[in-house]
Structures are given as C-alpha cells and as structure tokens.
Amino acid sequence: MCTVFAYSGSAIGLPQIRAILERTRRRGPDSEDVLRLENGFVLAFQRLSIMGVDNRGMQPFEYKGMYSVTNGEIYGFRSIRRALEKEGYSFRSDSDCETVLYLYEKYGEKMFPILDAEYATVIYDKDKGLVAARDPIGIRPLFYGYDRDEKIAFASEACLLTPFCRDVIPFPPGHYYENGRFICYRDISEVRGYTYGSLEEITGNIRKKLIKAVEKRLDADTPVAFLLSGGLDSSLVCSIATRILERPIRTFSIGMEKDPIDSKYAEHTASFLNAIHTNVTMSAEDVIKALPEVINALATYDITTIRASMGMYLLCRYIHEHTDVRVLLTGEVSDELFGYKYTDFAPDAEAFEKESQKRVHELYAYDVLRADRCIADNSIEARVPFGDLDFASYVLSIDPEMKMNRYGHGKYLLRKAFEKGGWLPDDILWREKAAFSDAVGHSMVDELKAYAERYYEGKDLEAEYSRYPEEGRPFTPESLLYREIFESFYPGQYRMIPGFWMPNSSWPGCRVSDPSARVLSNYGKSGE
C-alpha cells in the first residue's frame, strides 16, 4: 500500500503537511516526497515499494507539466506500457503506476473506465487543477474534504484530513472528480442484463475468471503470501495460486488460545496444498489491548468490521514483524457476490439480487476497508481476487435464481465450479460458512462483549446511547465502547460510515440485535 495526498488550498503549509503525514508513515514506509507546485497545489506520496522497487519508481510522476500520485495495482500494465512506448512515450521506471499519467495524457477522463485496476489516484492537470478517481469497488481507499476556504483535499486515509477539514467524506467508488464535480464512470453494482446458461457453463466461467483474477495478482517484485482462514474463499485463492506458481506458497492463519475454530481447517488446507504455513495464536488480553489501535486504523465504529479486524490486524502485525512479505492475497468480496448466511432468508431472487448489489455498493466501508487497513497499517499490500472487476461483474450478472441457496449449501455455484479436479478436500470445499470474527474463536467476540459490559457497569445505557445522533446510534454496550473510541480519534466524523453492517431486518429470520451469524437460526454447524 501507499499514501496519496493532494491539496488545493493554503490553510496549512508544508511543515504542517509533513507533520500530518507522519500519521500514515506505515502505509508507505520506504520513501516520502511532498511537492508544492508553482500555483500552490500540493501533491504528496508515501511509498511501499512493490513494483519497480528502485528509486525511479518514486512518485509523483511528471509529464508535460502534469503530475500524478497513485496508490494501486494496474493489471496488464506491461502490455499497456509496450503499446504506449510504440506511440513515443518514454518510461522512467518499472512501476505499473507510471502508466496512469500517460494514459491520462492520451485519453483524459476516458481513461478511468478502461483501467483494470485497484487504485486511487490524484492527477494535477494544469488546465483543470486536481483530478481524482477511485476504482469501482473502492478496494483502494480515498477520502476528500474541504478546508475553511472551501478548497478541496484528497488523502488515502481520513486521519490526514481531519486536522484541517471540517467534514471528511469517503470518495465514491467508481467516480472521478473534475472541475468541482464527482462523475460516475462505472457503478459495479449495476446489472444491465442477466447471464443465463446451464450449471456447467456458468460454473465453468466462474472457475476460469477466478483463476485469471488470482493469476494477475501474483505479479510482484517483492514476496507474496496468503491469508488462509480455512474457509472456502481464502482456501480457493490459495489452491489456485499453488497451481499457477507450481511451488509451495506461504500461508498464515490466526486463532484464539481458546476454541480456535478456523485454525484447524487452515492447517488442514495448508497440509493438502503442501503450503509453508504459520498459525498465530492470540489471547483475550491481546484483543482488548489492541482495540483502540485497531479502531484508530480502521476509522470506523461498525461492530462487524471491528470484530473481524481484530484477528486480521494482529496476524498482519505478526507477518510484518517476522517476515519479509510485502503482498497478501485475501478472500474478501466473495460473500457479497455469492451470498452470506443471512441471504438464505431472502424471500425471492429479486430480493437476493438487490441485497447483493447493495452490499457490493457499500463494500468500501466494510470488508475492503478492513482488508486495506489491517494490512496497510502493517506496511503490506492487500490484493483481492474476488474483487476483480471482470469476475465481480460476471457473478453479479448471473441469473439470481441460480445464486439463491436452493441446494442446501451457500455459495453453491462457487463450490460447484471447483468440485472436480482436486482443488480442495471435500470437507473444505463443502464446509459451512463461519464468520471470521467468530471462527477465530467464539471466545473473542464473547470477551469483547463482556469487557464492554464491565466497562459500563452501573451506568444508564439508554442515556449513554442518546448522547449520539440517531444515525449510527449505539445500541449495545459493545457498540457504545467502539463509538466512544472512534470519537476520540475522529470527533464528529461518524458519517464516514453508512451505518452498522447488519442482516436485512426486513426479512423474516433476520430481525436480530447482533450482526454475528451465530445468532441466525441457520448457523448450524458453521462454527464447528
């Protein structure tokens, strides 16, 4: 991961900007540059070297008076580069992100819809000022805000903008900013026409597209490894990568000291794949101690996101401290595409599809935010194969009737796609879904809830809840604790999050007071 920062005003100067950038040094620990242009615009970049790791790959890049800073991966950049070189463009580095500036010079804002990338970019155009864009899913973070003079600023993390912007707002995924307007260039959740076909045809396409999505994300000039929970999604990513690389991969998992449900499945999958596997153990004390640090990194008060981040954050900290790994592939986004435990309660295919589109549209605030922050905060880059634009678009377009759980197994199409060929052991391929925050050990969530109850013991909880606006108001001791910690770091910035991630309460069976899948009647043996 890297940090991008851009500012069009003068409310703060270079010394203050450099001081603020210390907050995100972990995103880009290798090098930093702050560039003030002649007209007062500021571009800054903190680099985590992944592609073209020597100094020539340092940003901002410059071309014909234009400048760019990009946090991301541009897939297929080598072929893009060759085509641009034939047209006379000369590259100074081996960085994939250098292609962004030349593509912009060639195509302008028409570049954004054609990028196959996970990215957030800010370009200084001498005619238009700052131009910014973000990938359609929002895998790479970007925020914006306005200073006291209504001048705009952009940054990879909200903490860079809170010192001088009154409100900090997530940059909408699939949009670009130009001349004071945010323009949608692609709504990934929009389905313009459904794809119909036989089960064999549909699952065959799922398999081919996911394999391709993993393959393109293995390209790096630094060590690559994998987060392996032992669930279906991360296990498939690891299995595909093992076949492509034709060598043992390096995998990591984490579990509580008590009842580490996922750890045994992760070790089973790693053994099957002959992976070089490390399992990390965490205690209740580790979780409670890290809670403020994790909420600060996440910039959220959402219960689900925080719970699911505790294990992921501590695991990535271990990887950072004990290995040379710079890139981690993860299994996020699959739930939103294929369905989660609660989507079994969808009353019909239309409702299932609308819910899937909604969840994909909001991914930037939940699962992919978690992946970015937990991994980037430990100076590693996250890559998300299930978030591949071609793959995600295809799965969203599949006839929703086929994605409904009519088979007794959630994500049936994904499982069926890899049923033949020995990709995974059957007990992993057909294992019931278990929420990551629960599967690291039910005791983790139980300990967090118990800690919050002790913390507020004797207090009037209803009065405590009512101190906050109705939008995103806490409703349990645990959610109150998270909100108070969030407010200590980001006072008044609660609108950065759409609200609490919860099952769709309008569906029978989903009217619950806790987001954990454990409270659903169909959880069954998911956590065993």
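Of the options Ser263, Ser253, Ser234, Ser235, a side chain to side chain donor-acceptor pair (under 3.5 Å) to Ser229 is made by Ser234 and by none of the others. For the pairing with Tyr482, the side chain to side chain contact (heavy atoms under 4.5 Å, CB included) check across Val294, Ile295, Thr476 returns one residue only, Ile295. Partner of Thr99 under the side chain to side chain contact (heavy atoms under 4.5 Å, CB included) criterion, chosen from Phe61, Phe91, Tyr89: Phe91. Among the candidates Tyr407, Phe418, Phe338, the single residue satisfying the ring-ring contact (aromatic ring centres under 6.0 Å, His included) test with Tyr412 is Tyr407. Among Asp514, Asp302, Asp446, the single residue meeting the salt bridge (Lys or Arg N to Asp or Glu O under 4.0 Å) criterion with Arg307 is Asp514.
Judged purely by atom type and a 3.5 angstrom limit, Asn71 has no side-chain atom pairing as donor or acceptor with the backbone of Thr3. Here the side chain of Arg27 pairs a donor or acceptor atom with the backbone of Cys2 at under 3.5 angstrom. Glu478 places no side-chain N or O within donor-acceptor distance of the main-chain N or O of Leu448, the cut-off being under 3.5 Å. Asp367 places no side-chain N or O within 3.5 Å of a backbone atom of Glu332 that could act as its donor or acceptor partner. The main-chain N or O of Val122 is never found under 3.5 Å from a side-chain atom of Thr70 such that the two would form a donor-acceptor pair. No donor-acceptor pair closer than 3.5 Å links the side chain of Arg326 to the backbone N or O of Pro223. At distances below 3.5 Å, not a single donor-acceptor pair connects side-chain atoms of His268 with backbone N or O atoms of Ala266. A distance-only check finds no donor-acceptor pair linking the side chain of Ser356 to the backbone of Phe352 [under 3.5 Å]. Between the side chain of Ser505 and the main chain of Arg511, no donor-acceptor pair closer than 3.5 Å is present. For Arg217 (side chain) and Ala213 (main-chain N/O), a donor-acceptor pair under 3.5 Å exists by modelled atom type.
Around NZ of Lys216, the count of heavy atoms belonging to other residues, nucleotides or ligands within 6.0 Å exceeds 12. In this structure, Lys110 places its NZ atom where only 12 or fewer heavy-atom neighbours from other residues, nucleotides or ligands lie under 6.0 Å away. Heavy atoms of other residues, nucleotides or ligands lying less than 6.0 angstrom from CD of Glu321 number more than 12. Shown here is Glu293, whose CD atom has more than 12 heavy atoms of other residues, nucleotides or ligands within 6.0 Å.
The closest side-chain heavy-atom distance from Asp388 to Val333 is not below 4.5 Å. Between Asp96 and Glu73 the shortest side-chain heavy-atom distance falls below 4.5 Å. His322 is not listed as a side-chain neighbour of Thr278, based on a closest heavy-atom distance of 4.5 Å or more. Between Leu228 and Leu273, the closest side-chain pair of non-hydrogen atoms is not below 4.5 Å. Looking at Met256 and Met282, their side chains come closer than 4.5 Å, going by heavy atoms from C-beta outward. Between Tyr75 and Arg383, the closest side-chain pair of non-hydrogen atoms falls below 4.5 Å. Two residues are said to be in side-chain contact when any heavy atoms from C-beta on lie closer than 4.5 Å; Val360 and Leu337 meet this criterion.
A salt bridge is absent between Lys258 and Glu447: the closest approach of a Lys/Arg side-chain nitrogen to an acidic carboxylate oxygen does not fall below 4.0 angstrom. With respect to the salt-bridge test (charged N to carboxylate O, under 4.0 angstrom), the residues Lys416 and Glu419 qualify. The pair Arg359-Glu355 meets the salt-bridge criterion, with a side-chain N (NZ, NE, NH1 or NH2) lying under 4.0 Å from an Asp/Glu carboxylate O. Ionic pairing of Arg140 and Glu381 is present here: one or more N-O contacts between side-chain nitrogen and carboxylate oxygen are shorter than 4.0 angstrom.
The side-chain hydrogen bond (donor to acceptor under 3.5 Å, both in side chains) check on Arg247 picks up nothing, with sequence neighbours excluded. Annotation: ring-ring contact (aromatic ring centres under 6.0 Å, His included) contacts of Tyr364 (sequence neighbours excluded): none. For Tyr194, the ring-ring contact (aromatic ring centres under 6.0 Å, His included) criterion is met by no residue, not counting sequence neighbours. Evaluation of the ring-ring contact (aromatic ring centres under 6.0 Å, His included) rule for His277 yields no partner, not counting sequence neighbours.
To the nearest 0.5 Å, atom OH of residue Tyr313 and atom CD1 of residue Ile306 are 13.5 Å apart. The CG atom of Leu429 sits 6.0 Å away from atom CG of Leu232, with the distance rounded to the nearest 0.5 Å. Distance CZ/Arg250 to CG/Leu328: 10.5 Å, rounded to 0.5 Å. Note that CD1 of Ile139 is 4.0 Å distant from CD of Glu118, once rounded to the nearest 0.5 Å. To the nearest 0.5 Å, atom CD1 of residue Ile497 and atom CD of residue Glu362 are 10.5 Å apart. Between atom OH of residue Tyr176 and atom OH of residue Tyr104 there is a gap of 9.0 Å, rounded to the nearest 0.5 Å.
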What do the steps show when you test Tyr102 against Glu87 for side chain to side chain donor-acceptor pair (under 3.5 Å), and what is the final call?
CA-CA 11 Å; Tyr102 298 147; Glu87 297 184 26; over 6 Å; no

Worked verdict on Arg373 versus Thr305 for side chain to side chain donor-acceptor pair (under 3.5 Å):
CA-CA 11 Å; Arg373 257 11 99 69; Thr305 305; over 6 Å; no

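Applying the salt bridge (Lys or Arg N to Asp or Glu O under 4.0 Å) test to pairs two or more places apart or on separate chains, those with a residue in residues 201-211 are Lys209-Asp390. Pairs passing the ring pair (Phe, Tyr, Trp, His ring centres under 6.0 Å) check and including a residue from residues 376-400, sequence neighbours excluded, read Phe386-Phe391.
Cation-pi check for Arg186 over Phe112 is not met; the charged atom does not lie both under 6.0 angstrom from the ring centroid and within 45 degrees of its normal.
When all heavy atoms are compared, the tightest approach of Met402 to Gly197 is SD-O, 3.9 Å. Counting all heavy atoms, side chain and backbone alike, Phe252 lies closest to Ala225 at CE1-CB, 3.8 Å. Here the closest non-hydrogen pair linking Ala120 and Leu142 is CB-CB, 4.0 Å. Pairing each heavy atom of Asp30 with each of Ser49, the nearest pair is OD2-N, 2.7 Å. In terms of heavy-atom proximity, Ser334 sits nearest to Leu414 at OG-CD2, 3.7 Å. Nearest heavy-atom pair, Gly499 versus Tyr301, reported as atom, atom and distance to 0.1 Å: CA-OH, 4.2 Å.
Using bins of under 30°, 30° to 60° and over 60° for the plane-to-plane angle, the ring pair Phe182/Phe171 lands in the perpendicular bin.
The closest side-chain donor-acceptor pair between Tyr366 and Glu336, if any, does not fall under 3.5 angstrom. There is a side-chain donor-acceptor pair under 3.5 Å between Ser93 and Glu98. In this model, no donor atom of one side chain and acceptor atom of the other lie less than 3.5 Å apart for Arg47 and Ser95.
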